[in-house]
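Every chain is numbered from 1, with letters handed out A, B, ... down the list of sequences.
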2 protein chains.
Amino acid sequence: MGTMENLDHFFKSAFTVDNVIFGFDEGDLKVLLIKRGEEPYEGQWGLPGYFVNENEDLDYAANRVLKQLTGLQNVFLEQVATFGDVNRHPTGRVITVAYFSLIKINQYTIQPSSIANRAAWISIDNVEELAFDHAEILRACFNRLKLLVRTRPVGFELLPRKFTLTELQHLYEAILETDLDKRNFRKKILSMNLLIDLDETQEGVAHRPARLYKFDKEKYDELLAEGFSFELKESRRKMVEHMG
Amino acid sequence: MGTMENLDHFFKSAFTVDNVIFGFDEGDLKVLLIKRGEEPYEGQWGLPGYFVNENEDLDYAANRVLKQLTGLQNVFLEQVATFGDVNRHPTGRVITVAYFSLIKINQYTIQPSSIANRAAWISIDNVEELAFDHAEILRACFNRLKLLVRTRPVGFELLPRKFTLTELQHLYEAILETDLDKRNFRKKILSMNLLIDLDETQEGVAHRPARLYKFDKEKYDELLAEGFSFELKESRRKMVEHMG
DNA sequence: GGGGCTAGTGTGAAATTTACACTAATAAGT
DNA sequence: ACTTATTAGTGTAAATTTCACACTAGCCCC
């Protein structure tokens with residue numbers, strides 16, 4: 001923090017925000033990418049991000065940019081980290097603040113703006129080369145997600161309102177990049193009492209239909225208030241179970 | 001990220017870095033503050049921070065600024081968060097990136113520069129009003145420290161090379177703001193095999209002298225390499241033990 | 001050598017984690 | 001109608017970890 005008498009420190013520079021939006025679909029953890037419609041890196045895939053305005057708070061900018069690029073709004077965004085290497089942007093000094101969010105893919109329609117030619121949900125494993133240092137930013141956000149998922153029941157943000165325990169398990173497996181034991185996972189999750197059994201079952205599946213659950217937000221808020229800490233432990237499975 | 005044709009986005013603005021340096025002394029967790037020698041907030045206490053230069057990476061800037069303000073160098077700095085509210089700085093748009101670090105207080109001499117009138121280690125509980133939004137930044141870094149201390153043996157960064165188990169416990173208690181059970185703490189710490197018993201004892205204390213230990217960095221690096229995860233669990237003590 | 005002070009030590013109960021394999025329910029095909 | 005394919009759903013015992021808890025040991029000082 002320095003004096004304003006010395007305006008040398010104020011040089012022409014820019015801030016951007018870049019958003020890493022995670023979703024979950026078809027058993028895959030996905031990230032929302034846009035095909036850039038502007039130089040630099042025109043035509044390449046990158047994160048939905050853009051410039052912060054002069055008189056705009058960072059958090060506000062993250063929301064605005066996300067909305068402008070993809071049509072998404074009222075989405076919870078959390079700051080993850082800031083990337084400011086001198087050469088990260090080919091044409092000037094641009095420091096970017098990365099935000100991440102979790103959304104239910106099917107509850108939103110993505111409407112790419114002109115800046116973004118196109119937007120798409122790409123499986124996290126299939127992400128190829130990205131513009132700028134966006135691959136690094138994505139990695140940082142994915143790590144944050146891994147951390148978060150162990151200490152808060154964020155998984156529910158990514159699933160539709162009604163879901164099966166197997167879907168929930170697959171989500172956790174995708175995020176943590178491990179296999180989990182079915183029985184232990186169910187025991188653990190159910191013991192938290194954060195799920196409401198809807199007494200409904202799946203329809204139109206060619207096998208025994210699974211029960212549907214929803215997340216008990218009220219209970220969760222209650223528990224949060226009294227300083228409860230959610231924790232998912234079980235480590236990677238060591239062996240594959242023999243099937244009958 | 002946008003086009004450079006549109007230079008509107010590059011406005012006169014500034015980045016700063018602010019460093020939250022933690023130390024531990026006399027049983028207290030402390031933070032290094034400077035008495036500001038410049039407007040704004042001249043004469044007030046604040047974090048050691050200053051402007052990032054135009055062609056300087058963020059991480060580099062954090063190190064440089066710390067050195068210039070306090071004389072400290074070769075200190076591990078980790079980025080924590082970025083603060084960018086429009087009005088956080090009274091005279092212009094200044095976005096700051098907060099870094100934090102842990103050092104052994106007695107191993108460094110602080111040499112405040114002219115920008116910093118004075119520098120001092122202030123107990124975390126005695127920190128009064130700070131310049132800018134530095135109180136908020138400090139809080140964020142303290143939370144990060146709490147998080148970190150549970151998953152990595154960072155405590156050793158704050159203690160002198162040789163320390164007693166009681167000192168280590170007091171440090172953990174100061175960071176986690178709880179009391180820990182002596183026997184359980186010792187059991188847990190020793191079971192990690194990250195301490196080397198130096199076969200020496202304290203000198204010049206008016207009571208039974210404690211054994212001295214040092215941190216086994218080699219062992220730790222080994223364990224890290226094989227993907228080991230350190231975890232300190234024990235929750236806050238519920239009762240005070242009756243003393244004989 | 002007694003008082004004051006902190007170091008250091010062990011055990012059992014409770015809770016949690018882990019490994020592990022079969023039956024149940026449905027749809028589709030014969 | 002039955003056989004097959006496919007996923008849902010369930011229980012237990014062993015191992016490990018956590019947790020609560022109280023006394024003896026060793027040094028200094030007087």
Problem set entry | NZ/Lys104(A): more than 12 non-hydrogen atoms of other groups inside 6.0 Å | yes
Problem set entry | Residue list, side chain to side chain donor-acceptor pair (under 3.5 Å) with Glu26(B), at least two apart or on another chain | Lys30(B)
Problem set entry | Integer-rounded Å distance: dC19(D) P and Asp179(B) CG | 14 Å
Problem set entry | Arg150(A) and Glu231(A) ion-paired at < 4.0 Å | no
For this session: Scan residues 153-165 of chain A against DNA chain C and write down, sorted by residue number, each residue with any heavy atom closer than 4.0 Å; if none is found, say none.
Result: none
Seminar exercise, completed: His170(A) NE2 to dT7(D) P, in whole Å, measures 9 Å
Problem set entry | Whole angstrom value for the distance that separates P of dG9(D) from CD of Gln169(A) | 11 Å
Exercise. For Phe185(A) and dG9(D), what is the distance between atoms CZ and C1' respectively, to the nearest whole Å?
Worked result: 14 Å
Seminar exercise, completed: From CZ of Arg208(B) across to C1' of dA7(C) the rounded distance in Å is 4 Å
Exercise. Does NZ or CZ of Lys146(B) lie under 6.0 Å from the centre of the six-membered ring of Phe142(B), at an angle within 45° of the ring axis?
Worked result: yes
Problem set entry | Side chain of Asn184(B) (C-beta onward), nearest among dA7(C), dC21(D), dG26(D) | dC21(D)
Exercise. Where the side chain of Ala206(A) is concerned, which of dT26(C), dA28(C), dC27(D) is the nearest nucleotide?
Worked result: dA28(C)
Exercise. Considering residues at least two apart in sequence or located in another chain, which fulfil the side chain to side chain donor-acceptor pair (under 3.5 Å) criterion with Arg211(B)?
Worked result: Asp197(B), Asp199(B)
Exercise. Should the ring pair Phe215(B) and Tyr220(B) be called parallel, tilted or perpendicular, given that the plane angle runs from 0 to 90° and is split at 30 and 60?
Worked result: tilted
For this session: Looking only at side-chain atoms of His207(B), point me to the closest of dC5(C), dC20(C), dA25(D).
Result: dC5(C)
Problem set entry | Test side chain to side chain donor-acceptor pair (under 3.5 Å) applied to Glu173(B) - qualifying residues, sequence neighbours left out | Gln169(B), His170(B)
Problem set entry | For atom CZ of Arg211(B) and atom C1' of dC27(D), their distance in whole Å | 15 Å
Exercise. Toward the 5' end of DNA chain C, which comes first, Leu212(B) or Val205(A), by nearest nucleotide?
Worked result: Leu212(B)
For this session: Could you list by number each residue of residues 186-204 of chain B showing a heavy-atom separation from DNA chain C of less than 4.0 Å, or answer none if no residue does?
Result: Arg186(B), Lys187(B)
For this session: Using whole Å, report how far CG of Asp181(A) lies from P of dT10(D).
Result: 14 Å
For this session: Apply the test ring-ring contact (aromatic ring centres under 6.0 Å, His included) to residues Phe156(B) and Phe163(B): give CA-CA distance (whole Å), side-chain angles for both, the deciding distance (0.1 Å), then the verdict.
Result: CA-CA 9 Å; Phe156(B) 309 108; Phe163(B) 51 86; 5.7 Å; yes
Problem set entry | Partners passing side chain to side chain donor-acceptor pair (under 3.5 Å) against Asn193(A) (at least two apart in sequence or in another chain) | none
Exercise. Nearest-Å distance, CD (Glu231(A)) to C1' (dT18(D))?
Worked result: 13 Å
Exercise. Can you find a donor-acceptor pair, distance only, under 3.5 Å between Arg183(B) side chain and dC21(D) base?
Worked result: yes
Exercise. Within less than 4.0 Å of OP1 or OP2 of dT7(D), is there a side-chain N or O belonging to Thr166(A)?
Worked result: no
